[in-house]
Protein chains: 2
Amino acid sequence: MLQQNEKLPACPVEMTLMLMGDKWKVLIVRDLLTGTKRFGELKKSLNGISQKVLTQHLRIMEENGLVSRKVYAQIPPKVEYSLTDVGVSLKNVHDAMCQWGEQYKQQFGC
Amino acid sequence: MLQQNEKLPACPVEMTLMLMGDKWKVLIVRDLLTGTKRFGELKKSLNGISQKVLTQHLRIMEENGLVSRKVYAQIPPKVEYSLTDVGVSLKNVHDAMCQWGEQYKQQFGC
DNA sequence: CTGGATCCCAATTGATACTG
DNA sequence: CAGTATCAATTGGGATCCAG
């Protein structure tokens, strides 16, 4: 997984990749673009991710200021994740990927 | 690494991620967007990639129809890689990432 | 019962050496 | 020069344990 504390990127694309250059991060952003979600909801909608990896990604995205985490002190535990303003701004990148996929999906048997 | 012969993606974003959801693939597209390149040139400009991983990615992208590979039967060997039309169409996705990085780089200390 | 931390093991990645 | 083989290192999945 690509993390922030590696050497600084040389160009804007590498900058973005440092924060989003990962399959799961893009999908997390997609899911949170529709609104705040609990940990379990994310895990369910991100079909196939393990709790360990989901936790790791959310922590890094929180450190990077893309995601905010709200913990409710209650039983059973409840933790909500949402996008920060910077996180929401990634919608443009997500949409570009979405449009490309829409346009070319036939060519790949979808 | 995400490959094509996994289960079919459910939505357009996953479609794109199947083909491009990887740091190196984005950078390979970026480099080839400027024109045909030899294996060694790619390896040098993709700072830090190993031959093995570069070869693997190029093979998969070739299978997926994003990249075309031209081998010259000569010594020393010469292999040129370029983007197919579909590969070139990924420029939109690349550009979105590039624009985002340009806009937010200050916030991440670049 | 939920979020998540930890441990163990399989799978992937990466560095290096080597070949045609 | 482009690619393969080999081996070390890192990552990821799943089970289990734990706190609140």
Side-chain angles (χ1 to χ4, degrees), chain A residues 1-7 14 17-28 31-32 35-64 66-83, chain B residues 1-7 14 17-28 31-32 35-64 66-83:
Chain A
M1 192 191 330
L2 197 57
Q3 310 206 2
Q4 190 177 359
N5 38 7
E6 295 174 18
K7 59 182 180 301
E14 287 167 6
L17 287 172
M18 196 175 63
L19 301 168
M20 282 275 285
D22 182 282
K23 168 193 169 192
W24 291 123
K25 292 207 183 71
V26 177
L27 294 175
I28 290 170
D31 280 5
L32 293 182
T36 297
K37 289 209 166 38
R38 294 183 61 172
F39 184 85
E41 294 179 285
L42 278 174
K43 178 161 171 12
K44 186 160 37 173
S45 61
L46 295 170
N47 211 350
I49 198 170
S50 65
Q51 62 276 50
K52 185 170 118 182
V53 174
L54 178 53
T55 304
Q56 284 175 346
H57 279 90
L58 288 169
R59 288 289 185 285
I60 291 172
M61 294 173 79
E62 191 188 0
E63 284 173 27
N64 290 343
L66 302 179
V67 160
S68 78
R69 179 170 180 262
K70 183 171 182 183
V71 182
Y72 294 82
Q74 63 178 50
I75 298 193
K78 177 178 173 182
V79 181
E80 283 183 345
Y81 292 92
S82 57
L83 292 178
Chain B
M1 193 191 327
L2 198 55
Q3 311 206 2
Q4 191 177 359
N5 40 5
E6 295 175 16
K7 58 181 180 305
E14 288 167 5
L17 287 171
M18 194 175 63
L19 302 168
M20 282 275 285
D22 181 283
K23 170 193 168 193
W24 291 124
K25 291 207 184 69
V26 177
L27 294 176
I28 290 170
D31 280 5
L32 293 181
T36 297
K37 288 209 167 39
R38 295 182 60 170
F39 184 85
E41 293 178 287
L42 278 174
K43 177 159 170 14
K44 187 159 41 172
S45 62
L46 295 169
N47 213 349
I49 198 171
S50 66
Q51 300 97 311
K52 183 172 128 184
V53 174
L54 178 54
T55 302
Q56 284 175 348
H57 279 89
L58 289 169
R59 289 287 186 284
I60 291 172
M61 295 174 79
E62 190 188 0
E63 284 173 27
N64 289 344
L66 302 179
V67 160
S68 78
R69 179 169 180 263
K70 183 171 183 184
V71 182
Y72 294 83
Q74 64 179 49
I75 305 247
K78 176 177 173 182
V79 181
E80 283 183 344
Y81 291 92
S82 57
L83 292 178

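Values below: all heavy atoms of this structure, side chains included; hydrogens, waters and symmetry mates excluded. Predicted model only: the values in this text are computed from it and were never measured. Within every chain, numbering begins at 1; the chains are lettered A, B, ... in the order of the sequence lines, protein sequences first and strands thereafter.
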To the nearest 0.5 Å, tell me how far [X] [atom1] sits from [Y] [atom2].
{"X": "A/Leu58", "Y": "A/Leu42", "atom1": "CG", "atom2": "CG", "value": "6.0 Å"}
{"X": "A/Arg59", "Y": "A/Gln56", "atom1": "CZ", "atom2": "CD", "value": "10.0 Å"}
{"X": "A/Arg38", "Y": "A/Lys43", "atom1": "CZ", "atom2": "NZ", "value": "14.5 Å"}

Does [X] reach the side chain of [Y], with side-chain heavy atoms less than 4.5 Å apart?
{"X": "A/Ile60", "Y": "A/Leu66", "value": "no"}
{"X": "B/Tyr81", "Y": "B/Thr36", "value": "no"}
{"X": "B/Ile28", "Y": "B/Leu54", "value": "yes"}
{"X": "A/Val26", "Y": "A/Met20", "value": "yes"}

Tell me which nucleotide among [options] gets nearest to the side chain of [X].
{"X": "B/Pro77", "options": "D/dG3, D/dC1, D/dC7", "result": "D/dC1"}
{"X": "B/Val79", "options": "C/dG14, D/dG3, C/dG4", "result": "D/dG3"}
{"X": "B/Gln51", "options": "C/dT6, D/dG20, D/dG3", "result": "D/dG3"}
{"X": "B/Phe39", "options": "D/dG14, D/dG20, D/dG3", "result": "D/dG3"}
{"X": "A/Thr55", "options": "C/dG14, D/dT4, C/dG4", "result": "C/dG4"}

Nearest-angstrom distance from the residue atom [atom1] of [X] to [atom2] of [N]:
{"X": "B/Lys70", "N": "D/dA2", "atom1": "NZ", "atom2": "P", "result": "15 Å"}
{"X": "B/Lys43", "N": "C/dG14", "atom1": "NZ", "atom2": "P", "result": "12 Å"}
{"X": "B/Lys23", "N": "C/dT12", "atom1": "NZ", "atom2": "P", "result": "19 Å"}
{"X": "A/Glu80", "N": "C/dG4", "atom1": "CD", "atom2": "P", "result": "12 Å"}
{"X": "B/Ile49", "N": "C/dT12", "atom1": "CD1", "atom2": "P", "result": "17 Å"}
{"X": "B/Lys44", "N": "D/dA2", "atom1": "NZ", "atom2": "P", "result": "10 Å"}
{"X": "B/His57", "N": "C/dG14", "atom1": "NE2", "atom2": "C1'", "result": "12 Å"}
{"X": "A/Leu54", "N": "D/dT11", "atom1": "CG", "atom2": "P", "result": "18 Å"}

DNA chain D: A/Lys52 or A/Ile75, which has the more 5' nearest nucleotide?
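Looking at the nearest nucleotide for each, A/Lys52 comes out on the 5' side.
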Would you please confirm or rule out a distance under 4.0 Å between OP1 or OP2 of [N] and any side-chain N or O of [X]?
{"X": "B/Tyr81", "N": "D/dC1", "value": "no"}
{"X": "A/Gln56", "N": "D/dG12", "value": "yes"}
{"X": "B/Arg38", "N": "D/dA2", "value": "yes"}
{"X": "B/Arg69", "N": "D/dA2", "value": "no"}
{"X": "A/Arg59", "N": "C/dA5", "value": "yes"}

Does A/Pro76 reach a base, just sugar-phosphate, or nothing at all? Heavy atoms under 4.0 Å.
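Counting heavy atoms under 4.0 Å across all strands, the contact made by A/Pro76 includes a base.
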Nearest heavy-atom neighbours spanning A/Gln51 and A/Phe39
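Looking at all heavy atoms of both residues, the closest pair is O-CZ, 4.0 Å.
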Rounded to 10°, tell me the angle between the two end axes of the helix from C/dC1-D/dG20 to C/dG20-D/dC1, each built from five pairs.
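End-to-end axis angle for the helix from C/dC1-D/dG20 to C/dG20-D/dC1: 30°, rounded to 10°.
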